[in-house]
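Each chain gets a letter, A, B and so on, in the order its sequence line appears, and its residues count up from 1.
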Protein chains: 2
Amino acid sequence: MGADVVDGVLAALADPTRRHLLDLLSEHGQATATTLAVGLPVSRQAVVKHLAVLDAAGLVDSTKVGREVRYSVRSAALDATARWMAALAAEWDRRLARIKRIAEAAERDSR
Amino acid sequence: MGADVVDGVLAALADPTRRHLLDLLSEHGQATATTLAVGLPVSRQAVVKHLAVLDAAGLVDSTKVGREVRYSVRSAALDATARWMAALAAEWDRRLARIKRIAEAAERDSR
DNA sequence: CAGTTGTGCAACTCTGGAGTTGCACAACAG
DNA sequence: CTGTTGTGCAACTCCAGAGTTGCACAACTG
């Protein structure tokens, strides 16, 4: 699994405004930067920049229709990151269990 | 599920140095800031700050032993965030499917 | 055609966070 | 007790990124 994908998604999700943006997008399915900016306490330009970040992370898709650009949510990258995270948590558990086993064995030997 | 927990975890994981730190910790199971700083291109103080962030996010646990502080990985918060993310991805899929259904119905009516 | 509206581009400000250094203090070893 | 070593605290520097404004340009509407 591409580590850079995970990297991009994590960096993108770190910002509250971008998470809110994704929330709005998933509600409406389709929206332009101008429309999205109305429901947010920031300017349209700020929204455009955030959408660019989300686009680079693969969390959002853009389509030009006439003079406007419609954005929509893409779940693939998020899903991949969720799987990566779950695998990481499992890996930690595995390592912790192994270390605990070794520690117990060492203690048993010392007695 | 606490949204602030997810928030903290995402913010914590956004930094590459912190992810590397977590990786090192899960390998050794136990480590002090001084020890960890050796394998990283940053000072001990920088490591201490990162560990403080990870601690606040619940990703790391600290224990005082004599004059040194030992850190260890905690998988609970990461696991919770992974579940949250998977649920979010599923939610997006659900909404997208619903919107697609509506769009197709509208198209069928217009014909 | 003229007027309106949505985007894109560029140049700025400004704050948060990553990193550093220096020093004081507590906990060891001899 | 004396010297050494690991942490903690505080005051800095520095820069990426979040946000802004202003303007030019393309795309619709009448």
Q) Do B/Asp79 and A/Asp93 come close enough that some side-chain heavy atom pair is under 4.5 Å? A) no
Q.
Looking at A/Arg19 and A/Asp23, is there a salt bridge between them, counting it only when a charged N and a carboxylate O are closer than 4.0 Å?
A. no
Q) If only side-chain N and O atoms of B/Thr32 are considered, is one of them under 4.0 Å from the OP1 or OP2 phosphate oxygen of D/dT7? A) yes
Q) Taking the side chain of A/Arg67 as its heavy atoms from C-beta onward, which of D/dT4, C/dT7, D/dA26 lies nearest to it? A) D/dA26
Q.
Less than 4.0 angstrom from a charged side-chain N to a carboxylate O is my criterion; do A/Arg94 and A/Glu91 meet it?
A. yes
Q. To the nearest angstrom, how far is A/His20 atom NE2 from D/dG19 atom C1'?
A. 17 Å
(Q) It should be established whether A/Thr17 places a side-chain nitrogen or oxygen under 4.0 Å from OP1 or OP2 of nucleotide D/dG17. (A) no
**Q.** Any donor-acceptor N/O pair, B/Arg18 side chain to B/Ala11 backbone, under 3.5 Å
**A.** yes
Q. Rounding to a whole Å, what distance do you find between B/Arg70:CZ and D/dG6:C1'?
A. 12 Å
Q) Below 4.0 angstrom from OP1 or OP2 of C/dG6, is there any side-chain N or O of A/Thr34? A) no
Q. Roughly, in whole Å, what's the span from CG in B/Leu36 to P in D/dG6?
A. 14 Å
Q.
Looking at C/dG19, I'd like to know if its phosphate oxygens (OP1 or OP2) sit under 4.0 Å from a side-chain N or O belonging to B/Ser43.
A. no
Q) Rounded to the nearest Å, what distance is computed from the OH atom of residue B/Tyr71 to the P atom of nucleotide D/dT7? A) 8 Å
Q: Please report, rounded to the nearest Å, how far the P atom of D/dT5 is from the CD atom of B/Glu68.
A: 14 Å
(Q) With a 4.0 Å cutoff (strictly under), does any side-chain N or O of B/His50 reach OP1 or OP2 of C/dG17? (A) no
Q | Closest nucleotide among C/dG8, C/dG19, D/dT20 to the B/Val42 side chain | A | C/dG19
Q) Roughly how many Å is it from CG in A/Asp15 to C1' in C/dG17, rounded to a whole number? A) 14 Å
Q.
How many whole angstroms separate atom CG of B/Leu54 from atom C1' of C/dG17?
A. 14 Å
Q) With nearest nucleotides of DNA chain D determined for A/Arg44 and A/Gly66 from heavy-atom distances, which residue corresponds to the more 5′ nucleotide? A) A/Arg44
Q. Where the side chain of A/Lys49 is defined as all heavy atoms beyond and including C-beta, which of C/dA11, C/dA18, C/dG22 is the nearest nucleotide?
A. C/dA11
**Q.** Per B/Arg18 side chain, nearest of listed nucleotides D/dG22, D/dG19, C/dA18
**A.** C/dA18
Q: Locate the shortest heavy-atom distance separating A/Ser72 from A/Gly29; write the atom from each residue and the value.
A: CB-O, 3.3 Å
Q | Length of the CD-P vector between A/Gln45 and C/dG8, whole Å | A | 9 Å
